[in-house]
Novice: 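What follows is a single structure, and I will ask about it in a moment.
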Protein chains: 2
Amino acid sequence: MALGWEDIRTEVLRRIEARHWAPGALIPTEEALAEELGCARTTVNRALRDLAAAGLLERRRKAGTRVALHPVRRARFDIPVTRLEIEGRGQSYAFHLIEERRAEPPAAVASLFRSPPGVPLLRLRGLHLADNRPALYEERWLDPAVLPEPAPDFRRISPNEWLVSHVPWTGGDIAFSAANACPEEADILGCAPGAALFVCERVTEAEGRPITSVRLLHAPGYRLRADL
Amino acid sequence: MALGWEDIRTEVLRRIEARHWAPGALIPTEEALAEELGCARTTVNRALRDLAAAGLLERRRKAGTRVALHPVRRARFDIPVTRLEIEGRGQSYAFHLIEERRAEPPAAVASLFRSPPGVPLLRLRGLHLADNRPALYEERWLDPAVLPEPAPDFRRISPNEWLVSHVPWTGGDIAFSAANACPEEADILGCAPGAALFVCERVTEAEGRPITSVRLLHAPGYRLRADL
DNA sequence: GGTTCCATTATGTGCACACAAATTACGATC
DNA sequence: GATCGTAATTTGTGTGCACATAATGGAACC
């Protein structure tokens, strides 16, 4: 019959959901499950590893595998390039560069970049438009060392998109929050001052050093969906 | 020396980041890589599968493996039980039940639950407190069919926490957005009317049917962090 | 009683092999 | 030239085995 690892996962999941094994309880060893379900231990291992990665099981060597006491919901979502996200909704995309200049960053950003005082970074501000309406306003600091000669024309391609396809990144950090639009932001995004904006702050690193930090302000009405 | 699959992943990642293989380009087959790097194809397979799951590679049978053209950033975050999140910050936790009654849901919720008109759902509203200060206000609709007899005392345990540990869930949906606090919400959360609130809306399902839908309003200042 | 050490045990992972599944490339046929 | 069928290729996965690694529990010892 040939049971696949996904079948094993399904069966284990069924038992968890049916409270066949209570939360916090030990479940049989891989070997026992393999014998019971009629497959190799490798196959059980893969299924259990997958469920553990999903947060449903907790596994420790020697201690065994137990059903997670607090099934942490581990949500995942994709962060597409803004252009693709907008075009994916069937809208036309455009990017409007508001500002591009060298400037000394505020202390918080400077310490983040671990750059010595007096060294300017590249300051970029721009607006992403969907069907010619403001959709996303970005304020960015960028380490000019990553730019080639000649520098890309950010009036034609958004910094985000250029970075994604030209600079190898190795890590970073991302956080979401909500903020009231200040008058200038409201003006740029074409919304009322004080409107609640969905904010995404990102720091992108390469080889352990920050390359760029950006604050993305979404126009009112934006929703970020994730899968459980 | 014994190369582990994580070593292989690291090496492949290095080559991607070093633009050794350009975005969109085909990379060698598993077999070729296994021979070159001196390990079994299984090991290469695991490494490449992992990178593909992370969105860095695209793999298709027979077509081979290529470096993703648009390295979609796939972020993951854990959604802990609110109590654990607050206690994890070293603050004391408390839950205050504001309202519990049977009520007919608005049309949008009724259609979501696919419940016939006239059948009431359980309406719950409550406030999560961190160090006795409002942290999270929740408005929930709950299918009373999942409740045992006697029903749990939601003055003692928050609906969220009770559900997580007593009702097997199989899926759901989650979305984040921002909203201005209406006067009542501002009063409950102890913030200014109109303040930008971070909103989390969740629908939880079991066996394909919605069990509960909830709108979570975080007090101003909340940040949701994720890992890239 | 407490500390150290070690055997036991469950998971983690590598390997060689086999076959399955998908998709492409190519050749045969019309 | 277009269409169809088939073979070749690449990834996907199962199996049995071996050994590595970590954590546990208890024995030995002070």
Side-chain angles (χ1 to χ4, degrees), chain A residues 1-16 20-72 74, chain B residues 1-16 20-69 71-72 74 76:
Chain A
M1 54 177 171
L3 283 184
W5 69 272
E6 292 185 282
D7 300 310
I8 304 298
R9 184 183 57 184
T10 301
E11 172 59 17
V12 172
L13 191 55
R14 193 190 63 73
R15 294 190 185 182
I16 294 173
H20 184 122
W21 299 317
L26 272 176
I27 75 172
T29 67
E30 295 184 346
E31 206 165 8
L33 278 174
E35 186 175 3
E36 182 201 339
L37 300 175
C39 65
R41 185 171 79 91
T42 315
T43 310
V44 174
N45 179 278
R46 177 133 184 218
L48 296 188
R49 250 195 302 121
D50 192 75
L51 287 169
L56 281 149
L57 293 176
E58 286 172 2
R59 324 193 67 202
R60 265 163 51 227
R61 278 167 165 151
K62 161 74 181 176
T65 301
R66 50 183 71 234
V67 180
L69 213 42
H70 291 287
V72 175
R74 201 159 286 161
Chain B
M1 50 177 171
L3 285 184
W5 68 272
E6 292 186 280
D7 300 310
I8 305 298
R9 183 183 59 182
T10 301
E11 172 59 16
V12 172
L13 192 56
R14 193 189 63 74
R15 294 188 186 181
I16 294 171
H20 185 124
W21 298 318
L26 272 175
I27 76 172
T29 67
E30 295 183 345
E31 205 165 8
L33 278 174
E35 187 176 3
E36 183 201 337
L37 300 175
C39 64
R41 185 170 78 90
T42 316
T43 310
V44 175
N45 179 279
R46 175 134 186 215
L48 297 187
R49 250 194 302 120
D50 191 75
L51 287 170
L56 281 145
L57 294 175
E58 286 171 4
R59 324 193 67 202
R60 264 164 50 228
R61 278 167 168 155
K62 161 75 181 176
T65 301
R66 51 183 69 235
V67 180
L69 214 42
V72 176
R74 203 158 286 162
R76 277 180 26 182

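Worth knowing before you read on, the calculation uses all heavy atoms, side chains too, and leaves out hydrogens, waters and symmetry mates. We name chains A, B, ... by the order of the sequence lines, and we start the count at 1 in each one.
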Novice: Per the end-axis method with five pairs at each terminus, what is the bend angle of the helix from dG1(C)-dC30(D) to dC30(C)-dG1(D), to 10°?
Specialist: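 Result, rounded to 10 degrees: 0°.
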Novice: Can you tell me how far P of dA23(D) sits from CG of Leu26(A), to the nearest Å?
Specialist: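 After rounding, the reported distance stands at 15 Å.
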Novice: Give the nucleotide from the list dT11(C), dC15(C), dG12(D) with an atom nearest to the side chain of Glu30(A).
Specialist: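 The answer is dT11(C), which lies nearest to the side chain.
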Novice: Between Val44(B) and Cys39(B), which heavy-atom pair has the shortest distance, and what is it?
Specialist: CG2-SG, 3.6 Å
Novice: Please list, chain by chain and in numerical order, all residues satisfying salt bridge (charged side-chain N to carboxylate O under 4.0 Å, His left out) with Arg41(B), sequence neighbours excluded.
Specialist: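 Once residues adjacent in sequence are excluded, the partners of Arg41(B) under the salt bridge (charged side-chain N to carboxylate O under 4.0 Å, His left out) criterion are Glu30(B).
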Novice: For Glu36(A), what residues pass the salt bridge (charged side-chain N to carboxylate O under 4.0 Å, His left out) criterion, not counting sequence neighbours?
Specialist: Arg15(A)
Novice: To the nearest 0.5 Å, what is the distance between CG on Leu37(A) and CG on Asp7(A)?
Specialist: 10.0 Å
Novice: Restricting to side chain to side chain contact (heavy atoms under 4.5 Å, CB included), what partner residues turn up for Ala32(A), sequence neighbours left out?
Specialist: Pro28(A), Thr29(A)
Novice: Tell me every residue that passes side-chain hydrogen bond (donor to acceptor under 3.5 Å, both in side chains) with Thr65(A), counting only those two or more places apart in sequence or in another chain.
Specialist: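 side-chain hydrogen bond (donor to acceptor under 3.5 Å, both in side chains) list for Thr65(A), sorted by chain: Arg59(A).
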Novice: Could you check how far CG of Leu51(A) sits from C1' of dT11(C), rounded to whole Å?
Specialist: 15 Å
Novice: Can you list, by residue number, the residues of residues 57-66 of chain A that have a non-hydrogen atom closer than 4.0 angstrom to DNA chain C?
Specialist: Arg59(A), Arg60(A), Arg61(A), Lys62(A), Gly64(A), Thr65(A)
Novice: Take the protein atom CD of Glu31(A) and the nucleotide atom C1' of dA18(D), then report the distance between them rounded to whole Å.
Specialist: 13 Å
Novice: Return the value, rounded to whole Å, for the distance between atom CG of Leu3(B) and atom P of dT13(C).
Specialist: 15 Å
Novice: Heavy atoms within less than 4.0 Å of DNA chain C: which residues of residues 41-48 of chain A have one? Give them sorted by number.
Specialist: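 Contacting residues: Arg41(A), Asn45(A).
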Novice: Whole angstrom is fine here: how far is it from CH2 in Trp5(B) over to C1' in dG14(C)?
Specialist: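 Rounded to the whole Å, the gap is 13 Å.
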Novice: Which heavy-atom pair separates Trp21(A) from Val12(A) by the least distance, and what is that distance?
Specialist: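 Of all heavy-atom pairs spanning Trp21(A) and Val12(A), the closest is CZ3-CG1, 3.8 Å.
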Novice: Minimum heavy-atom separation for Pro23(B) to Ala68(B), with atom names?
Specialist: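 Closest approach of Pro23(B) to Ala68(B): CB-O, 3.9 Å.
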Novice: Separation of Arg49(B) atom CZ from dT13(C) atom C1', in whole Å?
Specialist: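 In whole Å, dT13(C) C1' lies 12 Å from Arg49(B) CZ.
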Novice: Do the side chain of Asp50(A) and the main chain of Ala47(A) share a donor and acceptor less than 3.5 angstrom apart?
Specialist: no
Novice: To the nearest Å, give me how far apart CG (Asp7(B)) and P (dC15(C)) are.
Specialist: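 Distance check: Asp7(B) CG to dC15(C) P gives 11 Å.
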Novice: CG of Asp50(A) versus C1' of dT11(C): gap in Å, rounded?
Specialist: 16 Å
Novice: Could I get the full list of side-chain hydrogen bond (donor to acceptor under 3.5 Å, both in side chains) partners for Glu6(B), not counting sequence neighbours?
Specialist: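 In terms of side-chain hydrogen bond (donor to acceptor under 3.5 Å, both in side chains), with neighbours along the sequence ignored, Glu6(B) is linked to Arg9(B).
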Novice: Which distance, rounded to the nearest 0.5 Å, do you find between the CG of Leu13(B) and the CG of Leu56(B)?
Specialist: 6.5 Å
